[in-house]
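Beneath this line is the structure, given in structure tokens, with notes to follow.
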Protein chains: 2
Amino acid sequence: MDMSERKRSILRAVIELYIKTAEPVGSKTLVQMPDFHVSSATLRNEMAELEIMGYLEHPHTSAGRVPTAQGYRFYVNELMNAYRLSVEEAERVRLAFQEKMAELGNMITKAGRMLSQMTQFPVYTMSSSTKAVPTVKRFELIPVDAYSFIIVIMTNTDVVKNRLVRLPFPQHPEGIRGLAVLLNRYFTDLPAKDFSEEAVERCAAAAGGAGALIAIVLEFARQVLDAQTDRGFYLTGTSNILNYPEYQDVNKARALMDFLTEENSGKLPEPDERDNVNIIIGPENVEKELRDSSVIVVSYDIGEGQKGVLGVVGPTRMDYAKVAARLSYIAQGLKRMLQGEALPPFEP
Amino acid sequence: MDMSERKRSILRAVIELYIKTAEPVGSKTLVQMPDFHVSSATLRNEMAELEIMGYLEHPHTSAGRVPTAQGYRFYVNELMNAYRLSVEEAERVRLAFQEKMAELGNMITKAGRMLSQMTQFPVYTMSSSTKAVPTVKRFELIPVDAYSFIIVIMTNTDVVKNRLVRLPFPQHPEGIRGLAVLLNRYFTDLPAKDFSEEAVERCAAAAGGAGALIAIVLEFARQVLDAQTDRGFYLTGTSNILNYPEYQDVNKARALMDFLTEENSGKLPEPDERDNVNIIIGPENVEKELRDSSVIVVSYDIGEGQKGVLGVVGPTRMDYAKVAARLSYIAQGLKRMLQGEALPPFEP
DNA sequence: CTTAGCACTCTTTGTTCTTGAGTGCTAATC
DNA sequence: GATTAGCACTCAAGAACAAAGAGTGCTAAG
């Protein structure tokens, strides 16, 4: 049984109708469409064959057809027309970008919120370091007054963090500056776990009076380096799923929502390849909690050694073309913003 | 009609049963309790009076009694026994604090997650500045190499932020250090909106070649100061509400969930007074989206000029005593952690 | 004041029946 | 050989109805 042109267009019609209505599609509905000039009986025969081929299924005898995961997959790979944002929509997004991002706050967070609002689906964002082990590239200690100084730490991932430290005893600014030199000598380009006791002692010996501060600085360095492996997880719009009939069953909704949390951020799909929009359909998901849902996910470059991940979660009946288009548009904008570029009216 | 001792204990029993079961409480159920040595008829009479007094109500003729908001209020004010965490529970929390907090990340966030897990309700946290207008207390510019330097900004709220700036043209370290002095002269203790054109020009004139960098530094300062008014909102455990029968109606659940978002953080209850556990019952809420729910909220001191808010949202049928106890226990722990104290086995 | 008793109300649950959408199959038609 | 008309069949969903059960309010007696 081969995939005739007519079968393809029937399959496409069934899927697109089902995406819109969430109702099983029957032969009668199809016959009313202007696209088909055949009788309902013919459509029934074709649909029966599509069912045998695995693209459609049947909740029960007297119901219309519903796409299977395999059906969606075929649709995504072969049938789907690329969705192009309308000029208005693209412009609206661009303006929102300009405006919202100017408010500062976390740009990534804001972009996630925008995307969720546009798609009406939950959206997750995270960033994951691609550089293997984070190390300190440079220590900087700035004396503020006799009782306090600021630690500034730059990592090999070009992240800069600081902390104001208050001391219970006065400390000479020169001692602090000297300590910085020593710290840079002993502890740069070293993963946190290699901050050895021994090195601390040698450094303390060289530092004299300021040696007592080493532990404080290194503790902060450890925290910063640990935070580098942090996934910076953010999630919005989960409650949107309650809008869709597939999650009217509270248990299903809860199962998905419980899964979509920071704790599980490591289990959420990440794209296999940079800048590629990945579509994972229902049972294709590794995690069983996602097997009834689909995920569209993309990654984008941010700074050196870091990539960002942006994903949309929804029912398998999801307008893949539209969501993918919006997702990649936002990712594109985000990438530019993060690189500090101005925002040209980028490609829709 | 006065509130006899017996009425009080009947009211308490009804409320506590209803909190446990979410089922209307009838006279038969009460008569089975060992606490009452009267007949069901007597209980019925008493309950009818409690209903007239406004503490109970009746979904329909043949149903048991359900507490009204007024009933809960009376319970909270007069009837409720303070709930004391068991030693085991307190100890468990203390250990979790020690462990989880050591992982760093945002302590407040972690505490929120713990509380949500303990109560099985959604929890929100935010911090709000109590100091009126944020200003820069001190600018610090650290030259890194000819093409880059780090801006460090300390605010009057003792927040320190920094940013690495790359320049398209080389800049002499001395010029940068000189600029720092000028910035501190012209722009400290000044709200962001008073960074006038005029002041920028005067400063630029004095700075010479490095004057071009003023705009960059001030832009960052503006961002930092704006972020100071940020509420640092965090929310967890929203999906928990789906566990409770009062939110089995998907529309109700969605209404609440849609309301519980960052955008509405300003509308969420904040305690009237520092360190006081506030209980807001159903219709007592200002926001109509919360009128079917209750909120327990507390604030705690963090650093100077900042207070933190920690709140729990749940159905009006909520174990007020238990939740309040847990909430304030966590808030207490959080406060200590944030003040950098070690964790003694604090009061349950 | 308390309680036993009883009629009454209203929700909940289960049952049965009907309706209608949609199918699969067969036989006739192009 | 592909298409179509026709028809019997299936099954979910909804309506209508009945029965059960929980709980009430009231009355009259203790």
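All of these numbers come straight from a predicted model, not from anything done at the bench.
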Would you kindly give the [atom1]-to-[atom2] distance between [X] and [N], to the nearest whole Å?
{"X": "A:Glu46", "N": "C:dC25", "atom1": "CD", "atom2": "P", "result": "15 Å"}
{"X": "B:Ile52", "N": "D:dT24", "atom1": "CD1", "atom2": "C1'", "result": "13 Å"}
{"X": "B:Leu43", "N": "C:dT2", "atom1": "CG", "atom2": "C1'", "result": "11 Å"}
{"X": "B:Leu30", "N": "D:dT24", "atom1": "CG", "atom2": "P", "result": "9 Å"}
{"X": "A:Gln32", "N": "C:dA21", "atom1": "CD", "atom2": "P", "result": "11 Å"}
{"X": "A:Leu50", "N": "C:dG24", "atom1": "CG", "atom2": "P", "result": "12 Å"}
{"X": "A:Glu23", "N": "C:dA21", "atom1": "CD", "atom2": "P", "result": "13 Å"}
{"X": "B:Arg65", "N": "D:dG23", "atom1": "CZ", "atom2": "P", "result": "11 Å"}

For [N], take OP1 and OP2 only and decide whether either is under 4.0 Å from a side-chain N or O of [X].
{"X": "B:Arg6", "N": "C:dC1", "result": "no"}
{"X": "B:Arg44", "N": "C:dG5", "result": "no"}
{"X": "A:Thr61", "N": "D:dA12", "result": "no"}
{"X": "A:Thr42", "N": "D:dT3", "result": "no"}
{"X": "B:Ser27", "N": "D:dT24", "result": "yes"}

When you measure from the side chain of [X], which nucleotide among [options] comes out closest?
{"X": "A:Lys28", "options": "C:dG22, D:dT24, C:dT3", "value": "C:dG22"}
{"X": "A:Glu51", "options": "C:dG24, C:dT11, D:dG25", "value": "C:dG24"}
{"X": "B:Ser62", "options": "C:dT3, D:dG25, D:dA22", "value": "D:dA22"}

Under a 4.0 Å N-O cut-off, is there an ion pair linking A:Glu263 with B:Arg113?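 A salt bridge is present here (some side-chain N lies under 4.0 Å from a carboxylate O).
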By nearest nucleotide on DNA chain C, pick out whichever of B:His60 and A:Ala48 is the more 5' one.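 It is B:His60, whose closest nucleotide lies nearer the 5' terminus.
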Using the benzene-type ring in the case of Trp, are the ring centres of A:Tyr244 and A:Phe121 under 6.0 Å apart? yes
Plane angle bin for A:Phe233 and A:Tyr124 - parallel if under 30°, tilted between 30 and 60°, otherwise perpendicular: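 Parallel: the ring planes of A:Tyr124 and A:Phe233 meet at under 30°.
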Taking B:Ser27 as the fixed residue, which of B:Arg44, B:Arg65, B:Glu46 is the one that meets the side chain to side chain contact (heavy atoms under 4.5 Å, CB included) rule? B:Arg44
Show the nearest heavy-atom pair for residues A:Leu30 and A:Ala13, with the distance to one decimal.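 Closest heavy-atom pair between A:Leu30 and A:Ala13: CD2-CB, 3.9 Å.
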